[in-house]
Each structure stands twice: as structure tokens, then as C-alpha cells.
Amino acid sequence: MSYWLVKSEPSAYSWEQLEKDKETQWTGVRNYAARLHLNNMKKGDPVLFYHSNEGLDIVGIAKVSKEAYQDPTTDDERWVAVNIKAHKKLKKPVPLESIKKDKRLKEMALVRIGRLSCQPVTDKEWEAIMELAGEK
């Protein structure tokens with residue numbers, strides 16, 4: 001099992017909307033590195049849901065419910081989408097400021113490659129985030 005993080009501006013698609021919808025297609029990713037990560041996501045993999053630009057917090061955990069397929073928002077076959085479903089809201093949001101201050105997370109892609117919309121999360125990073133969220 002692998003861990004992941006996806007980013008969305010709350011005004012575009014929020015955690016609350018995912019909870020309401022229960023499941024969504026994660027479409028529109030047009031970055032080569034992010035596409036590679038989408039292709040590596042497996043059904044059941046946990047996904048941290050991060051509010052970007054507005055809020056700057058990890059707010060929930062989703063799960064991959066459908067592995068990579070042709071992104072329906074483009075005719076270009078190279079771009080893919082996955083489906084994710086809401087799993088649980090975190091007990092407390094984990095702000096980017098806290099992530100940047102935590103030495104255990106200094107190498108996290110969210111800190112090093114801030115613009116990447118879909119990124120891997122290591123086991124140790126997942127554990128640290130869960131601790132910061134009050135989930136342990």
C-alpha cells in the first residue's frame with residue numbers, strides 16, 4: 001500500500017464537497033510528475049486531502065476507488081484521472097505552517113515541491129501527519 005496527497009482549492013472542490021458527493025473523479029491534472037503519481041495509485045490507497053491556496057491545511061483522508069483511466073476532460077490519451085472517495089475528516093486540520101516546522105516532514109513533497117497537485121507520501125510522513133492531526 002502507498003500513501004498519497006492531492007491538492008484542491010476549496011473554492012474549486014473542497015473536502016466538504018467530497019464528503020457530500022462521497023466519491024469524485026480526480027481530473028484535470030496536467031503535470032507530468034503528477035500524472036506519474038496518478039498512474040501509480042492503487043485501489044484502496046489512502047490519500048491526504050489538502051486545501052491549497054485558501055486554508056493551506058490537510059483536512060481529510062480519501063481512498064482511491066478507481067485506478068488510472070483516460071481523463072474525460074481531454075481527448076489527449078496521455079492524461080489520466082483516478083476516482084477517490086471520502087474516508088474520514090481529520091480530527092484537526094494540519095496546517096502547512098505546522099508541516100514546515102516539523103523536522104520529520106522537511107523532505108515531504110508538499111514542502112519541497114509545493115506546486116505538485118498529486119504527490120507521494122512516505123510511511124514516516126503519514127505517521128507524522130496522523131500524529132499532528134490527533135489521529136494517533
Side-chain angles (χ1 to χ4, degrees):
M1 177 175 63
S2 299
Y3 298 107
W4 307 97
L5 181 141
V6 296
K7 298 164 74 173
S8 181
E9 293 180 23
S11 60
Y13 194 83
S14 67
W15 171 257
E16 291 75 20
Q17 188 64 49
L18 178 58
E19 284 184 311
K20 182 179 174 185
D21 295 344
K22 298 193 180 4
E23 183 173 9
T24 193
Q25 296 177 316
W26 206 258
T27 61
V29 174
R30 300 295 183 266
N31 173 283
Y32 294 106
R35 178 179 68 190
L36 178 71
H37 299 315
L38 287 173
N39 275 313
N40 287 326
M41 290 177 148
K42 300 296 178 213
K43 188 172 181 177
D45 282 353
V47 181
L48 296 171
F49 195 101
Y50 178 77
H51 280 162
S52 63
N53 293 336
E54 312 152 28
L56 303 176
D57 296 309
I58 297 172
V59 294
I61 301 171
K63 291 208 174 185
V64 177
S65 55
K66 184 176 180 182
E67 294 178 15
Y69 58 93
Q70 161 71 44
D71 187 330
T73 65
T74 181
D75 291 331
D76 188 335
E77 295 176 7
R78 294 174 295 173
W79 298 111
V80 299
V82 298
N83 286 13
I84 62 171
K85 62 181 178 180
H87 177 64
K88 73 180 282 190
K89 185 175 185 173
L90 293 177
K91 288 180 183 172
K92 19 182 233 195
V94 181
L96 179 60
E97 186 177 308
S98 297
I99 293 167
K100 286 182 173 181
K101 287 179 181 176
D102 194 309
K103 291 177 184 171
R104 299 171 295 175
L105 300 171
K106 68 179 182 203
E107 294 299 317
M108 189 172 186
L110 185 62
V111 174
R112 294 183 305 103
I113 315 166
R115 295 187 51 84
L116 195 58
S117 63
C118 174
Q119 51 195 243
V121 175
T122 68
D123 292 353
K124 288 181 180 180
E125 291 165 349
W126 182 271
E127 299 276 328
I129 294 295
M130 292 301 104
E131 186 180 303
L132 293 171
E135 298 290 336
K136 292 192 104 185

Problem - Sidechain-backbone polar pair: Glu23 side chain, Asn83 backbone, donor-acceptor under 3.5 Å - result: no

Practice task
Using atom types as modelled and distance alone, determine if a side-chain donor or acceptor of Asp45 lies under 3.5 Å from a backbone N or O of Met1.
Solution key: no

Handout entry: Arg112 atom CZ, neighbour heavy-atom count above 12 within 6.0 Å
Key = yes

Handout entry: Pro46 versus Ser2, closest heavy-atom pair with distance
Key = CD-O, 3.4 Å

Practice task
Identify the heavy atoms of His51 and Glu54 that sit nearest to each other, and give their distance.
Solution key: CB-O, 3.7 Å

Practice task
Determine whether Leu116 and Val121 fall in the same hydrophobic cluster, where Ile, Leu, Val, Met, Phe, Trp and Tyr are linked whenever their side-chain heavy atoms lie under 4.5 Å apart.
Solution key: no

Practice task
Only one of Ile61, Asp123, Leu48, Thr122 passes side-chain contact (heavy atoms from CB on, under 4.5 Å) with Tyr3; say which it is.
Solution key: Asp123

Practice task
Decide yes or no for Ile129 and Ile99: does some side-chain heavy atom of the first lie under 4.5 Å from some side-chain heavy atom of the second?
Solution key: yes

Problem - Note: Glu127-Lys136 ion pair, threshold 4.0 Å (strictly below) - result: yes

Problem - Glu135 side-chain N/O to Lys91 backbone N/O, donor-acceptor pair under 3.5 Å - result: yes

Exercise for the section: Enter the distance from His37:NE2 to Ser117:OG here, rounded to the nearest 0.5 Å. Expected result: 9.0 Å

Exercise for the section: Check step by step if side-chain contact (heavy atoms from CB on, under 4.5 Å) holds for Leu90 and Met130. Expected result: CA-CA 8 Å; Leu90 293 177; Met130 292 301 104; 4.0 Å; yes

Practice task
Is it possible for you to say whether Trp126 and Val111 belong to one hydrophobic cluster, with membership spreading through side-chain heavy-atom contacts below 4.5 Å?
Solution key: yes

Handout entry: Between OG on residue Ser52 and CD1 on residue Ile58, distance to nearest 0.5 Å
Key = 12.0 Å

Fill in the blank from the handout: Across all chains, not counting sequence neighbours, the ring-ring contact (aromatic ring centres under 6.0 Å, His included) partners of Tyr50 are none

Exercise for the section: Give, for atom CD of Gln25 and atom OG1 of Thr73, the distance between the pair rounded to the nearest 0.5 Å. Expected result: 9.0 Å

Practice task
May I ask you to say whether Lys20 pairs ionically with Glu16, meaning some side-chain N is under 4.0 Å from a carboxylate O?
Solution key: no

Fill in the blank from the handout: When rounded to the nearest 0.5 Å, the distance separating CE of Met108 from CG of Leu5 is 5.5 Å

Problem - Cluster companions of Trp79 among Ile, Leu, Val, Met, Phe, Trp, Tyr (side-chain spacing under 4.5 Å) - result: Tyr32

Exercise for the section: Please report the C-alpha distance between Leu105 and Leu132 in whole Å, then the side-chain angles of each, then the deciding distance to 0.1 Å, and finally whether the side-chain contact (heavy atoms from CB on, under 4.5 Å) criterion is met. Expected result: CA-CA 11 Å; Leu105 300 171; Leu132 293 171; 3.9 Å; yes

Fill in the blank from the handout: Closest heavy-atom pair, Ala128 versus Arg104, reported as atoms and distance to 0.1 Å, is CB-CZ, 3.7 Å

Practice task
Could you grab the distance from atom CG of Leu56 to atom CD of Glu97, nearest 0.5 Å is fine?
Solution key: 9.5 Å

Practice task
Inspect the surroundings of CG in Asp75 and state if more than 12 heavy atoms from other residues, nucleotides or ligands are less than 6.0 Å away.
Solution key: no

Exercise for the section: Keeping the roles fixed (side chain from Arg35, backbone from Arg78), state whether a donor-acceptor pair exists under 3.5 Å. Expected result: yes

Completion exercise
Between Ala109 and Pro120 the two heavy atoms that sit nearest each other are CB-O, 4.3 Å

Problem - Hydrophobic cluster (4.5 angstrom, side-chain heavy atoms) - remaining members for Val64 - result: Trp4, Val6, Tyr13, Trp15, Leu18, Trp26, Val29, Leu38, Met41, Val47, Phe49, Val59, Val80, Val82, Ile84

Practice task
With rounding to the nearest 0.5 Å, note down the distance linking NZ in Lys92 to CG in Asp57.
Solution key: 12.0 Å

Problem - Contact check, side chains of Arg30 and Thr74, non-hydrogen atoms, under 4.5 Å - result: yes

